[in-house]
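Please read all numbers here as calculations on a predicted model, not as lab measurements.
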Amino acid sequence: MTGGLRLYAFNTGWFQCRPGYFIEGEEGDYLKGPVPSYLIDHPKGRALFDTGMGVRYRRTMENALPSNKFGLQWFEGQEIAARLRSIDIDPATIDYVINSHLHIDHCGGNASLPNATIIVQSRELAAAQASEEAGLYEAEDYATGQPVKAIDGELDLFGDGSVRIVPTYGHTPGHQSAIVKLPSGREVLLAADCCYTERNLDLMVLQKAVVDREAGLRTMDYLQRRRRAGVHILFGHDGRQWASVEEGKPFG
């Protein structure tokens with residue numbers, strides 16, 4: 001049953017990089033991509049898909065990153081807790097956090113959601129715990145004290161087919177996405193970093209940051225099939241697509 005389900009999109013910060021970081025070989029000025037988070041408000045509970053960055057990436061306009069510098073940042077009011085409060089949702093009422101993966105820009109807001117159960121692929125959790133590379137996986141973001149539900153493969157979150165977590169490996173060992181079925185019957189796939197931009201999928205070209213290229217290409221094939229079947233895909237850091245997203249209002 002999907003009646004009553006609502007899906008909201010928020011940008012929780014910015015990711016600046018050269019075009020070649022998104023699509024290998026491309027050149028040009030630095031791109032500014034969003035760092036999305038999505039609220040799934042379901043009659044059986046509330047879930048967030050990704051939570052943005054931790055407090056250490058907060059900046060003011062006076063000390064913002066130069067437009068030609070690689071990096072992450074967010075500004076006052078962009079953090080996920082503030083975005084939720086902007087639509088009168090108490091962060092303490094979030095039941096689940098679905099982390100696409102445990103890189104710093106996807107789980108940094110977990111700490112502000114004290115009553116949520118964290119849902120992550122078991123192989124992703126293992127990769128994060130084994131990593132010693134700062135700037136990718138950092139325990140202060142993902143090890144924040146809430147219960148963790150480590151899964152293997154797909155999960156029907158509410159048992160009614162309305163929110164399906166699906167593995168989309170490649171970018172990381174245990175990357176996952178979510179397919180949300182709206183009351184209208186329309187399906188929306190929250191891709192996160194298995195595909196940074198729509199152009200990646202149009203060209204069938206992986207982004208630079210991929211740990212398993214074969215798995216990444218299988219994921220791209222999967223996304224292509226879903227798109228051809230009419231599923232609307234929201235990509236991980238696509239500034240061009242994000243310009244058409246109406247934040248803080250339910251998807252139709």
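- Contact of the Pro167 side chain with the Glu154 side chain is registered, since non-hydrogen atoms from C-beta on lie closer than 4.5 Å.
- Under the 4.5 Å side-chain heavy-atom criterion for Ile, Leu, Val, Met, Phe, Trp and Tyr, Val188 and Tyr38 are members of the same hydrophobic cluster.
- Going from atom OG1 of Thr168 over to atom CD of Gln121 covers 8.5 Å, rounded to the nearest 0.5 Å.
- In this structure, Ser122 contributes its side chain and Asp152 its backbone to no donor-acceptor pair below 3.5 Å.
- Contact check for Val97 versus Ile119: no side-chain heavy atoms found under the 4.5 Å cut-off.
- Within the 4.5 Å cutoff, the side chain of Tyr222 has heavy atoms near those of the Leu189 side chain.
- For the salt bridge (charged side-chain N to carboxylate O under 4.0 Å, His left out) with Arg46, the lone residue among Asp41, Asp90, Asp95 that qualifies is Asp41.
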Test side chain to side chain contact (heavy atoms under 4.5 Å, CB included) applied to Leu206 and Met220, step by step | CA-CA 8 Å; Leu206 293 170; Met220 293 286 274; 3.6 Å; yes

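- Taking both residues in full, the closest heavy atoms of Pro91 and Leu113 are given as O-CD2, 3.7 Å, listed atom of the first, atom of the second, then distance.
- Hydrophobic cluster membership is shared by Val163 and Leu182, with clusters built from Ile, Leu, Val, Met, Phe, Trp and Tyr side chains linked at under 4.5 angstrom.
- For His103 (side chain) and Leu136 (main-chain N/O), no donor-acceptor pair under 3.5 Å exists by modelled atom type.
- Hydrophobic clustering (side-chain heavy atoms under 4.5 Å, transitive across Ile, Leu, Val, Met, Phe, Trp, Tyr) groups Leu48 together with Tyr142.
- In this structure, CZ in Phe49 is found 12.0 Å from CG in Leu157, a value given to the nearest 0.5 Å.
- Following chains of ILVMFWY side-chain contacts shorter than 4.5 Å, one cannot reach Leu201 starting from Leu203, and the two form parts of different hydrophobic clusters.
- Under the side chain to side chain donor-acceptor pair (under 3.5 Å) criterion, no residue pair touches residues 126-136, with sequence neighbours excluded.
- Between Trp242 and Pro36 the shortest side-chain heavy-atom distance falls below 4.5 Å.
- No side-chain donor-acceptor contact under 3.5 Å links Gln146 to the backbone of Ala116.
- Side-chain contact annotation: Asp160 with His42, donor-acceptor N/O pair under 3.5 Å present.
- Between the side chain of Asn200 and the backbone N or O of Val205 there is at least one donor-acceptor pair closer than 3.5 Å.
- For Ala209, the side chain to side chain contact (heavy atoms under 4.5 Å, CB included) criterion is met by Tyr21, His171, Tyr196, not counting sequence neighbours.
- Panel note: side chain Lys44, backbone Phe158; a donor-acceptor pair is recorded below 3.5 Å.
- In this structure, NE2 in His175 is found 5.0 Å from NE2 in His101, a value given to the nearest 0.5 Å.
- In this structure, Phe70 has its ring center no closer than 6.0 Å to that of Tyr30.
- A donor-acceptor contact closer than 3.5 angstrom links the side chains of Tyr137 and Glu124.
- In terms of the salt bridge (Lys or Arg N to Asp or Glu O under 4.0 Å) criterion, Arg228 has no residue partners (sequence neighbours excluded).
- Using a 4.0 Å cut-off between a side-chain N of Lys or Arg and a carboxylate O of Asp or Glu, Arg164 and Glu187 qualify as a salt bridge.
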Run the numbers on Val120 and Ile98 for side chain to side chain contact (heavy atoms under 4.5 Å, CB included), then give the verdict.
-> CA-CA 6 Å; Val120 65; Ile98 305 164; over 6 Å; no

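- The closest side-chain heavy-atom distance from Ser177 to Leu190 is not below 4.5 Å.
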Does the side chain to side chain contact (heavy atoms under 4.5 Å, CB included) test come out yes or no for Thr12 and Glu79, once each step is laid out?
-> CA-CA 5 Å; Thr12 63; Glu79 70 274 24; over 6 Å; no

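- Leu5 places a side-chain heavy atom less than 4.5 Å from the side chain of Val180.
- The backbone N or O of Gly54 lies less than 3.5 Å from a partner atom in the side chain of Trp74, making a donor-acceptor pair.
- Looking only at side-chain heavy atoms (C-beta outward), Leu7 and Leu39 stay at 4.5 Å or farther from each other.
- Counting only N and O atoms by type, the side chains of Asp141 and Asn110 include no donor and acceptor under 3.5 Å apart.
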With side chain to side chain contact (heavy atoms under 4.5 Å, CB included) as the test, would you mind laying out the steps for Tyr169 and Arg123 before giving the verdict?
-> CA-CA 10 Å; Tyr169 307 144; Arg123 59 196 291 176; 3.0 Å; yes

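- The nearest pair of heavy atoms linking Thr219 to Cys194 is CG2-CB, 3.7 Å.
- Without hydrogens or angle criteria, Gln78 side chain to Glu76 main chain gives no donor-acceptor distance under 3.5 Å.
- Atoms CZ and CG, from Arg218 and Asp221 in turn, are 9.5 Å apart once rounded to the nearest 0.5 Å.
- Residues Ala191 and Ile233 approach most closely at CB-CG2, 3.9 Å, considering heavy atoms.
- In terms of heavy-atom proximity, Ala82 sits nearest to Gly77 at CB-O, 3.7 Å.
- Judged by distance alone, the side chain of Tyr8 and the main-chain N or O of Ile40 form no donor-acceptor pair under 3.5 Å.
- Taking the salt bridge (Lys or Arg N to Asp or Glu O under 4.0 Å) definition, one finds that Asp50 meets it with nothing, sequence neighbours left out.
- Remark: the Asn63 side chain and the Thr60 side chain contain an N/O donor-acceptor pair separated by less than 3.5 Å.
- Between Ile87 atom CD1 and Phe10 atom CZ the span is 3.5 Å, to the nearest 0.5 Å.
- The environment of Asp29 atom CG is sparse: at most 12 non-hydrogen atoms of other residues, nucleotides or ligands sit within 6.0 angstrom.
- Judged by a 6.0 Å distance limit and a 45° cone about the ring axis, Arg199 is not positioned over the six-membered ring of Phe235.
- Residues Phe22 and Leu31 have side chains in contact (heavy-atom distance under 4.5 Å, counting atoms from C-beta outward).
- Applying the side chain to side chain contact (heavy atoms under 4.5 Å, CB included) rule to Ala64 yields the partners Gln73, Phe75; only residues at least two apart in sequence or on another chain are considered.
- Neither side chain, Thr197 nor Gln241, offers a donor N or O lying under 3.5 Å from an acceptor on the other.
- With Thr117 contributing its side chain and Val148 its backbone, the two residues share no donor-acceptor pair below 3.5 Å.
- Under a hydrophobic-cluster definition in which Ile, Leu, Val, Met, Phe, Trp and Tyr are linked whenever side-chain heavy atoms come within less than 4.5 Å, directly or via other members, Leu217 and Val166 are assigned to the same cluster.
- Rounding to the nearest 0.5 angstrom, the gap separating the CD atom in Glu247 from the CG atom in Asn11 is 5.5 Å.
- The pair Glu198-Arg227 meets the salt-bridge criterion, with a side-chain N (NZ, NE, NH1 or NH2) lying under 4.0 Å from an Asp/Glu carboxylate O.
- Side-chain N/O atoms of His106 and Asp193 include a donor and acceptor closer than 3.5 Å.
- Ion pairing between Glu24 and Arg18 fails under the 4.0 Å rule for side-chain N and carboxylate O.
- Using modelled atom types, no side-chain atom of Asn99 and backbone atom of Leu102 make a donor-acceptor pair closer than 3.5 Å.
- Remark: Glu140 pairs with Arg56, Glu138 by the side chain to side chain contact (heavy atoms under 4.5 Å, CB included) rule, at least two apart or across chains.
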